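Data first, discussion second: the structure below is written as structure tokens.
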Amino acid sequence: MKITPRTLSLSLLLLAACGYQGDPERFAQANTEEFQKVADELKETAELLRESAEELRLAAAEVREAARYRPAAGELQAPVSGDSAADEVSLDLPMVRYEWDPSAGDESVSAELGGPGFTGEGWESNFEFPAMGSADAVKGGRITMYVSDWPANIRQAGQDWNTAFNYRANDLCMSRLVSTHPITLEYYPVIATHWKISEDKMTYWYRINPEARWSDGSEVTAHDVHATWKLRTDPTLLEPSSVVTYGKMNEPEVLSKYMLKVTVNEESWKNFLYFSGMAILPAADIESAGNPEDERGKAYLDEFNFKFTMSCGAYEVREEDINTGKTISIRRREDWWAKDNPAFTGLNNIDEYRFIVVKDYTLAYEKLKKGEIDYYVVPKAEWWAKQIPELDQVKQGMIVPHKVFNDSPVGTAGMAINMSKPGLDDVRVRKALNHLNNRELKIEKLYYNEYVPLSSYYQGGLYQNPENVLIEYDVEEAVRLLEEAGYSEYDDEGYRTKDGRRLRFTLTYRSKASERGLTMFQEACREAGVKIDLQLLTPASAWKNLRAKEFELMSTAWGALVFPNPETSYHSRYAIEPDNNNVTGFANARVDELCSEYDQTYDVNRRIEIIREVDGIVYNEYPYVLDHFGPAQRVAFWNKFSMPDFGALRFVDAEELMYTWWVDPEKEAALEAAKADPAMTLEKLPIENRFWQDWNAARSGR
Amino acid sequence: MSEVQDSAATDAPAEAPLSVLQRRWRKFKTLKRGWYSFQILVFLYLASFLLPVLVNSDALCVRYQGEWHFPVFGGFHQARDFGQDKIGQVNWRDLQEQYYFEGEDNFVLLPPYPYNPLENLLHESNLVGQPPHAPNAYHILGTDDRGRDVFVRLVYGFRTSITFALGVIILSYIIGMTIGACFGYFSGRIDFWGQRLVEIWSGLPFLYTIIIISSIVKPGMWLLILLLALFRWVGISFYMRGEFYREKSRDYVAAAIAQGESHRSIMFRHILPNGLTPIISFAPFAVVVTISSLVSLDYLGFGLPAPTPSWGELVNQGLENITAWHLVFFPLGAMFFTLLLVVFIGEAVREAFDPKVFSRLR
Amino acid sequence: MGAYFFRRALLMIPTFLGITFLVFTITRFVPGGPIEQMMVKMQMAESEAGGGSGGDFDGAVQIPDSVREELEKQFGFDKPFYLAYLDWVSDVVVLDLGTSYKYRQPVWDIVKSRFPVSIFLGLTGFLLGYLICIPLGIRKAIRHGGVFDFGSSVLIFMAYSVPGWAIGGLLLVLLGGGSFWDIVPLGGFRGDSWDELSTWGKIKDQLHHMILPVFAYTIGSFATLTILMKNSLMENLGQDYVRTAFAKGLGERRVVLVHALRNSLIPICTGLGHALSLVMAGSYLIEKVFNIDGIGYLGYTSIIERDYAVVMGVLVINVFLMLLGNILSDVLYVLVDPRIRFS
């Protein structure tokens, strides 16, 4: 390059830039100015806070006095649900009765075998339990939600049945013998009115409600249960978990039309739970003509791929509602056999659950705003905190952002550590990695303070061990632990070494969305001298490596069960072999003991204690670098729904909040009016619903 | 009289005639738009190799207690060794401030834009609130969705993108030109069977192969270049083949054959320069397509591994955060600007390579 | 020449077999094949199964052998790969593309259901491209170096440099009615009640839905065609015969449009040979952004999910069209340019 005036001036500019950037005077001045600005802002904020506190005090007094919203001139009287707007929400749950007709039964057998006059003596049941919905509910209306992919099938069993849509259909259309109550977790009758467990806990009997009917009017009998069990244990169904779970029971014996007996191979309270909770399919459909018996599974897969079996539940999927690739609906049945049973008051209100296919979740967000979707689970903290409050629809009250704090199990999220790999087998290294995970900064900066750091492997609700100590971001502590573990030398790039081996791990992850937090973790590790290499795999490949224990660190998340099962994740018999859920290779003798005890414990409180102890032991071994969780179910919906005081059931997650809701015709009318008139505002729901938190607190006397 | 004649004869300037390439180069230089674009692009690309000195958070030089250090050349510097109360690597920006306030004889000289592409800046006092932050005086293009400086990632990504594109183009051209030339020149059986093999190869679905390979091997820069080149050479070879077919029937080739020149000499010295026109005019598109492919691959997640700075990742972030206008505008703007330069160069090159004096209609 | 092309046509068969065999074999031997994917998906599903009152599953720890055998039988993996390939080829010959693993429906039905989308995209893209680019290229060639040339170049390359799906996504948010203006529908191929509309209503609705997707899809392709047209025409305009024509006193219009244009259309024409492939037109990213069920989306998701029946099915169609297109291109090339002869 020739020395022209141009190049000279460029180089001079560059040099000048160096000098300019390196001028500490400017730095210092800038810093003091910033300080001043921040201090001023803080003062202002404090002032504002003082004023707001004063206003709040006044407002609370007002609300207590005024029982009703006073309409200003020209504004619609916004409907208020119930008279208790001014009173505190009552934490008492009204009880309902499951009604059954003792005179119904199979005439051909005696009363004890399920004939008419069955008394239920010697049998267990539960006919009085808290209402699962509100008595104010009205039937009708439609709710539109979205699924990200057209379901590959609409079956309730078999290969690949577990799509989001099928889970909803399973909850709404299918019935079981005996279910667990969504609030108390006690068993309560659905298809079976009574049940009996033998002394040795290895045999169960069920008495089926003679009034239960399929959609073609035929009766639900023990034969249906038997056929369902046979289908679910058929290998040609291609559903291995079903084969294993129901394989623990032997073939059920049909004692009479309405009575059934089944024996199990191992003693466990879970077997009763699973068998009772098995969704029943109609024998008539399963055994449709001409299927060889040993290929019923395959026949079921082929015939019912897109044809819904007969339903004995409150909803069904009709052929005319299937618009391939675009929309599919679940519709309420007017001829449900239990529709007048007071046990189900307040449930099954919405006439039609309509699902549209939207491949892109940002497009779904747009559709929510436009009104094509009624109900939307808000995936991003930023949208909730920053964008949604600014929407015109929200300011007008047409779209309601809502958070329900309930006891839905939270699960585990973070990075699974393969405890058998060199370097990661030392608990100090694992704890150090936890200290390098700056959750506080991530939550503040990336997630708008929406989330909470995890401090348990059974977070949220009953099973969490309260003694677990929250691990905070602490580089010094991490370094101290690493040096204690022997990594006190450095190589020339600044990474720690021990015996010549560099402290480096590969962190595998499966979604670009999680990259943000992981690069921050990578940086923090670099500070402490740990090298982290990031590797992105497709979800299926990552999962395969996880189960095969071929990874070092893997970013992963597990859903949690209402009835936890620590054995599959923490029992030592799964620690070495691949292909199971003990992906970290965890092994601990005491935990093994507890797992065995757990399976045979029928007392719920003792089970809770066991899990808490397991939680404490597992937590202090740090098999994961734990991340954070969202403490509430976070949704946004158009303001046409009313709900019971508790909002949603106690253990449901965000996809299932609406099972107790109903479409309020007054609200719907008001909404239409508001859409036409941008000046009108609707009454807004409180943003948070903490009913279950208060309820828990009241029960434990805090 | 003969003297005069002789001097007249010998005084004629004895310049060697310019080679074809030199002539074309001169012609290229007269086309202002392309020539300036070329200069700008080359300057920027070469400058991008100086990035560690211009845009970096490592200090250029440090004097601490009488000793000189040059962190910019690498090596690990413990914070405690420089009097900074911190674990791990020194934070040179903070250290500069610290030395100033201490008032002793130590100082730190930083690059003009003292941030690096991999660090998150969430701790900085001039960035308030949540990322992505809008541009301010310290971060002229703002930050991305996890607090890294956009300008820094953009310029480092520029280097990555251009290097990637050059690698793919050079490799694919070499392969494609050679194979296409052979097919077109030798024709007959070689062409026939070779074309069949090429067809089979081109039938292999691109995305399919990329996905399969990504699931087996960790993709790095050079593997990706190889993969992309292996899919792109087919197009070039078709062009070359067509050109060679056409040129083969020309007189000058017959003349060369008659003179007994070797195949290689005929192919690469005589025919190739004439067949270059479509390839050259194709080149800017190839650059554009390659950079776009890299952007798309990064978007899908099959491109360069995190946290490599790449334009694809920035575009992805822009689309996810549409309200952050700086994340949308600047990466797309950079892409557009670069490609515009490339296209101008391409146009000028095409004009320069045209053997006929270019005639315009007006 | 006829013999040459006849041989080419015959040779489509071994080429076709070669490609499909290659892909089929890779399918079978690459880790993460369909059996493993199936099992992986089952395991993923079990472990995440939860929710609902009662009936929660614990993660089954091993896939029972009975299920594994059944999987292999149902997907043809119980035979060695060359036999399975022969099975597959014999099915293809009778136009049976197999059954999708995921949907348990014939592959051909699934692909056929997406033809409306792909043909629409392909055809409109094709027509728009040719209708716009050829006149534009001609104009640019004639007014080379002028303001129009420069301005249109800038516009074209702006369109080219930005990925179509990115622009499409942006425009959808801006114009779809969710956040800003409400000019176009928010994605989708047709409206929900399309079947009930009148014919004119159907056409309007279809166009309304497809404006943005077609725009996003074609925006990048204008550049190549325009520049090709322009360069080709300019090259011809520099030839001697054009100079002669002017010397003979012919008007500019006649010289350019009648004489030079025909020769410059040669490279464009040969592109026509691949017009058949527009039946399978599509782009995964655009279809995802606009929520359309096209072949691009099908192709990509089937690879990710390892639904190899669909992957092979789509491959078969694509390969067949490509090979046919190659031959047609060559035929066109010969027809249009008398200087070309294949031996």
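Computed over heavy atoms, backbone and side chain alike; hydrogens, waters and symmetry mates excluded. Lettering of chains follows the sequences in order, A, B, ..., and the numbering in each one begins at 1. All figures in this text were calculated on a predicted structure; none of them were measured in a lab.
- Annotation for K445(A) and P131(B): closest pair O-CD, 3.0 Å, computed over non-hydrogen atoms.
- Annotation: W222(B), atom CH2; neighbour count of heavy atoms from other residues, nucleotides and ligands within 6.0 Å does not exceed 12.
- The number of heavy-atom neighbours closer than 6.0 Å to CD of E484(A), taken from other residues, nucleotides and ligands shown, is above 12.
- Per-residue heavy-atom pair counts under 4.5 Å with chain B were compared for T362(A), V475(A), L537(A), and the maximum is reached by V475(A).
- Interface remark: D144(B) contributes no atoms to any contact with chain A (heavy atom separation under 4.5 Å).
- With a threshold of 4.5 angstrom between heavy atoms, D298(B) approaches chain A through N, CA, C or O but not through any side-chain atom.
- Using a 4.5 Å cut-off between heavy atoms, Y490(A) contacts chain B through its side chain alone, with no backbone atom that close.
- Heavy atoms from other residues, nucleotides or ligands lying under 6.0 Å from CZ of F329(B) number 12 at most.
- A 4.5 Å side-chain heavy-atom check between L122(B) and M520(A) finds at least one atom pair inside the cut-off.
- K380(A) touches chain B through its side chain: at least one heavy atom from C-beta onward sits under 4.5 Å away, while N, CA, C and O do not.
- When every heavy atom of H123(B) is checked against every heavy atom of L441(A), the shortest pair comes out as NE2-CD2, 3.7 Å.
- No more than 12 heavy atoms of other residues, nucleotides or ligands sit less than 6.0 Å from atom CZ of F35(A).
- Heavy atoms of Y361(A) lying under 4.5 Å from chain B belong exclusively to its side chain.
- Atom CD of E476(A) is surrounded by 12 or fewer heavy atoms from other residues, nucleotides or ligands within 6.0 Å.
- Note: E119(B) CD to E523(A) CD = 7.0 Å, rounded to the nearest 0.5 Å.
- Only the backbone of E444(A) comes within contact range of chain B, with at least one heavy atom under 4.5 Å from a heavy atom of that chain.
- Heavy atoms of L50(B) lying under 4.5 Å from chain A are absent altogether.
- Once rounded to the nearest 0.5 Å, the distance linking CG of L446(A) with CG of D145(B) reads 7.5 Å.
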Check against salt bridge (charged side-chain N to carboxylate O under 4.0 Å, His left out), K512(A) and E313(B): CA-CA 10 Å; K512(A) 284 218 123 205; E313(B) 196 219 352; 5.7 Å; no

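- Only the backbone of L118(B) comes within contact range of chain A, with heavy atoms under 4.5 Å apart.
- Within a 6.0 Å sphere centred on CZ of F73(B), other residues, nucleotides and ligands contribute 12 heavy atoms or fewer.
- In this structure, the side chains of Q130(B) and Y447(A) stay at 4.5 Å or more apart for every pair of heavy atoms.
- At a threshold of 4.0 Å, the pair E515(A)-R146(B) counts as salt-bridged, since one of the basic side-chain nitrogens sits closer than that to a carboxylate oxygen.
- Between chain B and the options R516(A), R526(A), E493(A), Q535(A), the largest number of non-hydrogen pairs under 4.5 Å is found for R516(A).
- Heavy-atom distances place the side chain of V479(A), and not its backbone, under 4.5 Å from chain B.
- Around the CG atom of D392(A), the shell of radius 6.0 Å holds no more than 12 heavy atoms that belong to other residues, nucleotides or ligands.
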